[in-house]
Amino acid sequence: MDAMPKWAEVILIPLISLILAFFLSGLVILAIGENPIRALQIMISGALGSTYGWGYTLYYATNFIFTGLAVAVAFQARLFNIGGEGQAALGGLGVALICLYIPFPHWTMALPAAILGAAIFGAFWAMIPGYLQARLGVHVVITTIMFNFIGASILNYLLVDILRPPTSMNPATARFPDATNLPSLHDVLSVVGIPFSRAAPANISFFIAILACIVIWVLIWHTRLGYQIRAFGQSESAAKYAGISPEKIIMVTMLISGGLAGMMAINNVMGEAERLVQNAVEGAGFIGIAVALMGRSHPIGVFLAAILFGFLYQGGAELSLETSIPSDLIVVIQALVILFTGALDDMVRAPLKSMFLMFRKPEATPKAPKPAE
Amino acid sequence: MANPETKGRPDGAVPSIELRGISKSFGPVQANKDITLRVMPGTIHGIIGENGAGKSTLMSILYGFYKADAGEIIINRKPTTIPDSQAAIAAGIGMVFQHFKLVENFSVLENVILGAEDGGLLRPSLAKARKLLGELSKEYELNVDPDALIEDIGVGMQQRVEILKALYRHADILILDEPTGVLTPSEADHLFRILNGLKDEGKTIILITHKLREIMDITDTVSVMRRGEMTATVKTSETSPEQLAELMVGRKVLLRVEKRPAQPGAKVLEVENLRVIDEKKVERLKGVSFNVQAGEILGIAGVSGNGQSELLEVLGGYQSATGTVRVNGQDIDLTGRFSDGQSRRARGIAHVPEDRQREGLIMDFTAWENTAFGYHNDPKYSKGLLMDNDALRRDTEEKMQRFDVRPPNCWQPAKSFSGGNQQKIVLAREIERNPDLLLIGQPTRGVDIGAIEFIHQQIVALRDQGKAIVLVSVELEEILSLSDRIIVMFDGQIMGERLPDQTNEQELGLLMAGMKGQAA
């Protein structure tokens with residue numbers, strides 16, 4: 001009895017929203033006197049035209065996959081974790097501490113430890129809001145966003161006063177030891193003989209992100225815990241009837257969500273910067289919300305949406321380099337995409353739904369009830 | 001489509017409301033198909049039909065919530081279009097919805113004038129309304145205190161406020177949607193007296209219900225709807241409940257439950273001095289004690305909101321309480337700290353909750369996902385760390401077959417099944433667990449007649465297998481025909497215990513209203 005086939009729901013609606021957003025962006029570019037077609041060409045060639053561009057696109061996408069998954073998992077339990085920013089920042093701290101203070105002989109040992117550290121620190125930062133929600137009913141939206149500020153302040157303090165090497169003027173940790181440096185995509189792909197840009201920041205974390213998508217997919221749809229998370233998200237009253245503890249589910253979900261957001265740090269801190277700098281997350285926590293919305297809280301959707309936003313980030317950067325389009329406009333384009341794919345999605349859905357109904361009518365008529373006897 | 005020659009009848013009687021060829025479809029679903037109906041002034045006309053037969057759509061068209069695709073509405077010989085509810089009110093149509101549209105923290109008077117104030121200042125409107133309300137109350141035995149707050153008065157009186165609202169807006173045609181669902185038998189009788197009074201004044205009353213008995217008791221004419229069509233319109237005096245049921249369902253139905261006498265065995269459930277205090281510090285259960293034996297159905301009658309729901313929640317494990325509950329002689333934890341719905345299920349308690357849409361099912365989950373609901377930790381459904389979704393689907397398909405769930409498609413979400421089929425999904429899940437004790441609340445609420453018959457047979461069959469059953473229902477007919485023993489609850493207490501063949505609806509009705517003395 002659903003009006004629309006599933007493919008329309010998951011592919012057609014985001015696609016139409018995206019086209020609308022690009023169309024409107026084009027009008028804005030036209031209005032400031034630039035050629036939107038050329039702008040699109042620059043974005044595409046800048047982000048996807050070279051392995052260097054791809055390297056940046058995938059690097060950004062990796063960040064967004066982690067933060068997007070974090071929001072998506074919480075959405076399944078109808079929790080709105082908008083604290084990805086702070087959780088990822090704390091994850092960075094976890095990675096930094098592990099890489100700086102534990103001597104690893106090789107990155108293969110450093111990576112699992114760093115993943116664990118990032119996840120634990122991120123989860124810890126989500127645990128407190130989770131506890132407040134589960135026990136006292138304090139809304140996670142409020143607490144998680146507050147914890148973003150607290151997290152940023154803590155990191156500021158640590159970077160300026162504690163972790164900064166005494167000889168440095170820069171509020172950042174020392175460089176991590178070489179043994180903890182992750183192989184870049186160039187290193188990984190050269191093993192199988194694929195040439196890839198040496199300069200781009202994309203690294204092995206991208207594969208960890210893909211793995212995370214698969215693990216989360218299995219968790220949500222094929223485990224008892226995932227079943228309980230989804231059941232609780234759909235109906236708290238029904239969950240109580242079934243003997244699913246709301247408190248437990250809120251806590252566990254927030255821990256998983258925070259852990260995922262924290263794991264972003266293996267990409268930006270360990271994989272790229274190789275030290276912890278101030279404001280390392282750079283808004284990826286918030287982009288994660290848009291990614292989860294657009295990806296319909298599904299790991300595959302999150303993956304695709306993250307690639308799209310990676311493209312927008314990298315393509316946008318190229319655009320401001322090569323044209324007179326100010327970098328602020330890139331933010332406008334990203335905002336339009338978020339607006340259309342996330343918030344205004346019903347605007348596309350309603351007309352599309354009635355269109356589908358219209359086309360279905362003729363085939364359904366023969367099945368209508370027979371005249372009265 | 002309209003027939004011009006039917007306009008104006010030679011005998012001079014003009015129908016106060018007439019529908020000609022009303023059709024409405026939602027996409028491929030034809031909710032109303034060529035509906036023709038005429039109701040004379042000074043009569044009560046019943047519209048009966050199963051869920052989804054199109055009654056609500058028709059009334060929504062009359063009240064301006066939907067626009068008909070085709071057809072005309074003629075009120076007092078005048079073709080009328082009703083684009084919104086304001087137009088419906090202007091045309092003299094008043095509507096009493098199943099769920100009242102009242103502002104809880106307003107007084108009766110304020111609710112009556114809400115949306116019908118005469119000007120910017122409230123005082124003159126209130127004074128005028130007070131006077132009119134007094135007259136109306138007296139004339140129709142409406143008995144409402146104009147200054148009482150809605151939240152302080154009972155549902156029966158709230159419903160009378162809805163009627164007053166319609167009368168205050170000069171309604172000549174009053175439409176009531178399932179008006180007795182929330183009333184005690186005596187409140188329902190009171191309502192019917194009011195409706196008869198209004199009818200004698202020449203008002204036109206349209207009563208939508210699924211209760212055959214009400215149709216027989218109070219209406220003059222009755223129309224039956226089935227699958228969007230008006231299948232028959234007859235004089236009530238010339239029909240019978242059996243005939244109406246057949247017209248509604250399209251086949252012969254068994255209205256009475258056939259069952260052998262109970263053979264009660266050992267005590268399965270013992271409840272002693274059970275008390276529940278809710279979050280608002282209101283005592284919902286005030287020391288309830290009873291027991292249920294194997295092989296018997298204990299019916300708990302009562303108007304909803306008198307503690308039955310809390311009783312089921314306590315037994316089902318998601319409401320804490322004080323007192324003692326023993327199942328098969330073993331104490332059960334009531335604090336909620338050491339047990340929940342899961343541990344209750346492990347103790348052999350199955351629960352079909354009162355509100356299947358909010359509790360019993362997850363509406364967006366598929367049928368197979370719902371089949372594991374509450375039993376998701378069952379090793380039968382696991383494969384190592386993962387859930388064995390294939391096994392679960394196979395199991396669901398078998399259950400759907402045995403319980404005749406239609407359509408038997410386990411991939412369909414629960415929300416797209418009809419009420420009766422949803423209930424069958426819940427029932428299949430709970431009964432097939434082979435529980436010692438089945439808690440079942442409102443088993444047939446919102447369920448069509450054909451499915452009611454099936455559900456009742458399942459409950460009786462389970463009893464005959466020697467299971468203990470606690471049945472909570474607001475439908476007295478259901479309680480009387482299914483139960484082997486009946487207790488009546490009022491205000492969190494048990495008012496009395498009766499045997500179904502030694503009592504009747506009147507006596508139970510008095511107990512349900514809290515009148516112990518008269519009923520004894």
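Throughout, protein chains are lettered first and strands after them, A, B, ... in sequence-line order, and every chain is numbered starting at 1.
Counting heavy-atom pairs closer than 4.5 Å to chain A, the top residue among B:A372, B:S343, B:G360 is B:A372.
Salt-bridge check for B:R433 with B:D378: passed, with a basic side-chain N closer than 4.0 Å to an acidic carboxylate O.
In this structure, chain A has no heavy atom under 4.5 Å from any part of B:E313. For B:L386, the parts sitting under 4.5 Å from any heavy atom of chain A are the backbone and the side chain alike. In this structure, chain A has a heavy atom under 4.5 Å from the side chain of B:F365, while its backbone stays farther away. B:N389 touches chain A through its side chain: at least one heavy atom from C-beta onward sits under 4.5 Å away, while N, CA, C and O do not. Residue B:R345 touches chain A through its side chain alone, counting heavy-atom pairs closer than 4.5 Å. Only the side chain of A:Q228 comes within less than 4.5 Å of a heavy atom of chain B; its backbone N, CA, C and O stay farther away. Only the side chain of A:I244 comes within contact range of chain B, with at least one heavy atom under 4.5 Å from a heavy atom of that chain.
A side-chain donor-acceptor contact under 3.5 Å links B:S23 to the backbone of B:D34. A donor-acceptor pair under 3.5 Å links the side-chain atoms of B:E430 to the main chain of B:H351, judged by distance alone. When atom types are taken as modelled, the side chain of A:T143 and the backbone of A:H139 share a donor-acceptor pair closer than 3.5 angstrom.
Classification of the A:Y241-B:Y318 ring pair by plane angle, with boundaries at 30° and 60°, yields perpendicular. Relative orientation of the B:H376 and A:Y227 rings is tilted, given thresholds of 30° and 60° on the angle between their planes.
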